[in-house]
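First the structure, in the form of structure tokens, and then the observations on it.
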Amino acid sequence: MNAPSPMAQPMPGEREIAERIKAAGIRLRFDKVVLRLVAGVREATAGLVRENDTVIFTLTAPIRQPAKTAAAIAELVRGNLPDGELRRDIFENQIVLCRVTDVGDDMPRVIGFVHNSGSDAGLILALARSHLA
């Protein structure tokens with residue numbers, strides 16, 4: 001049996017943000033599919049996000065096509081993200097991305113959160129941004 005990739009685990013900054021989101025009453029998903037998807041996006045975009053920037057994305061569950069969804073998110077990250085939020089529907093999932101500038105060196109370059117469709121992606125992003133600022 002293969003050991004899980006270290007990228008398949010939530011990173012320290014992500015854990016702290018996830019705790020803030022949980023305290024706000026929003027349930028996030030951390031099952032195997034979610035962890036692999038976020039790790040896949042991170043691996044595919046390694047070195048592409050500028051130093052001192054972090055890209056945050058939210059994604060609605062359930063994820064029916066995780067590999068294709070991860071590739072599509074990675075493609076959006078590779079592109080020039082506009083200021084503000086970028087919203088897309090990809091493979092029946094709602095995706096919201098935003099770039100945060102001037103973050104610490106210890107923060108991950110890409111952070112992803114998967115939530116149920118009734119959750120407020122804007123609130124998730126706002127809580128994440130406030131932690132990164």
Side-chain angles (χ1 to χ4, degrees):
M1 180 187 239
N2 294 336
S5 164
M7 286 195 145
Q9 299 300 317
M11 299 182 81
E14 255 177 330
R15 281 189 215 108
E16 294 164 5
I17 296 168
E19 286 301 317
R20 283 185 175 195
I21 294 167
K22 182 179 177 183
I26 299 172
R27 289 191 56 206
L28 297 174
R29 308 275 299 258
F30 292 102
D31 54 65
K32 285 182 190 178
V33 172
V34 169
L35 295 175
R36 287 182 186 146
L37 180 137
V38 173
V41 173
R42 255 195 221 118
E43 289 171 2
T45 58
L48 297 177
V49 179
R50 293 186 306 224
E51 191 173 323
N52 299 322
D53 281 5
T54 294
V55 173
I56 308 167
F57 71 88
T58 66
L59 172 67
T60 56
I63 305 167
R64 291 187 176 87
Q65 298 185 48
K68 289 181 179 181
T69 302
I73 294 170
E75 193 62 34
L76 291 171
V77 172
R78 277 188 201 99
N80 252 347
L81 289 176
D83 291 337
E85 297 175 359
L86 176 66
R87 294 177 177 267
R88 294 283 187 271
D89 286 340
I90 298 175
F91 303 112
E92 299 181 37
N93 299 102
Q94 296 171 357
I95 299 169
V96 184
L97 292 101
C98 73
R99 183 181 60 230
V100 181
T101 58
D102 299 323
V103 299
D105 291 338
D106 59 334
M107 285 296 156
R109 298 297 117 210
V110 176
I111 301 175
F113 299 106
V114 177
H115 58 90
N116 293 325
S117 62
S119 300
D120 183 352
L123 179 56
I124 293 170
L125 291 174
L127 291 166
R129 277 191 211 110
S130 72
H131 183 77
L132 294 171

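- Between L86 and R88, the shortest heavy-atom contact is CD1-NH1, 3.2 Å.
- The only option from D102, L127, V100 that meets the side-chain contact (heavy atoms from CB on, under 4.5 Å) definition with L132 turns out to be V100.
- Open room surrounds CD on E92; 12 or fewer heavy atoms of other groups in view lie less than 6.0 Å from it.
- Atom CZ of R20 sits in a crowded spot, with more than 12 heavy atoms from other residues, nucleotides or ligands closer than 6.0 Å.
- Considering only heavy atoms from C-beta on, F57 stays 4.5 Å or farther from L76 through its side chain.
- Heavy-atom minimum distance, F113 versus A128: CE1-CB, 4.2 Å.
- Put simply, CD1 on I26 and CD1 on I124 are 4.5 Å apart, with the number rounded to the nearest 0.5 Å.
- Between E16 and E19 there is no side-chain heavy-atom pair separated by less than 4.5 Å.
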>> With side-chain contact (heavy atoms from CB on, under 4.5 Å) as the criterion, how do I111 and I17 come out once you've worked through the C-alpha distance, each side chain's angles and the decisive distance to 0.1 Å?
In response: CA-CA 10 Å; I111 301 175; I17 296 168; 4.0 Å; yes
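- The minimum heavy-atom distance between A61 and N116, with the atom names listed, is CB-OD1, 4.2 Å.
- By the 4.5 Å heavy-atom criterion applied to side chains, L97 and I56 are not counted as neighbours.
- Taking the side chain as every heavy atom from C-beta outward, V55 and T45 never approach each other to under 4.5 Å.
- Residue A121 comes nearest to T58 through the heavy atom pair CB-OG1, 3.4 Å, listed as atom of the first residue, atom of the second, then distance.
- Looking only at distances, no side-chain donor or acceptor of R99 sits under 3.5 Å from a matching main-chain atom of P82.
- The existence of a salt bridge linking R42 and E14 is confirmed by a sub-4.0 Å separation between a basic side-chain nitrogen and an acidic carboxylate oxygen.
- Within the 4.5 Å cutoff, the side chain of H115 has heavy atoms near those of the T60 side chain.
- Smallest separation of non-hydrogen atoms from I90 and A72: CG2-CB, 3.6 Å.
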>> For a side-chain contact (heavy atoms from CB on, under 4.5 Å) check, start with the C-alpha distance between V103 and D53, then their side-chain angles and the critical distance, and finish with the verdict.
In response: CA-CA 6 Å; V103 299; D53 281 5; 5.6 Å; no
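- No side-chain heavy atom of I63 sits under 4.5 Å from any side-chain heavy atom of F91.
- No path of Ile, Leu, Val, Met, Phe, Trp and Tyr side chains, each step under 4.5 Å between heavy atoms, connects L48 with I73, placing them in separate hydrophobic clusters.
- For the atom pair CZ of R29 and OG of S119, the computed distance is 10.0 Å after rounding to the nearest 0.5 Å.
- Residues D31 and V114 form no side-chain contact, since every pair of their non-hydrogen atoms from C-beta on lies 4.5 Å or further apart.
- To the nearest 0.5 Å, atoms CG (D105) and CG (N52) are separated by 5.0 Å.
- You'll find the side chain of P66 stays beyond 4.5 Å of the side chain of R36, heavy atoms only.
- Between C98 and L125, the shortest heavy-atom distance links the atoms SG-CD2, 4.0 Å.
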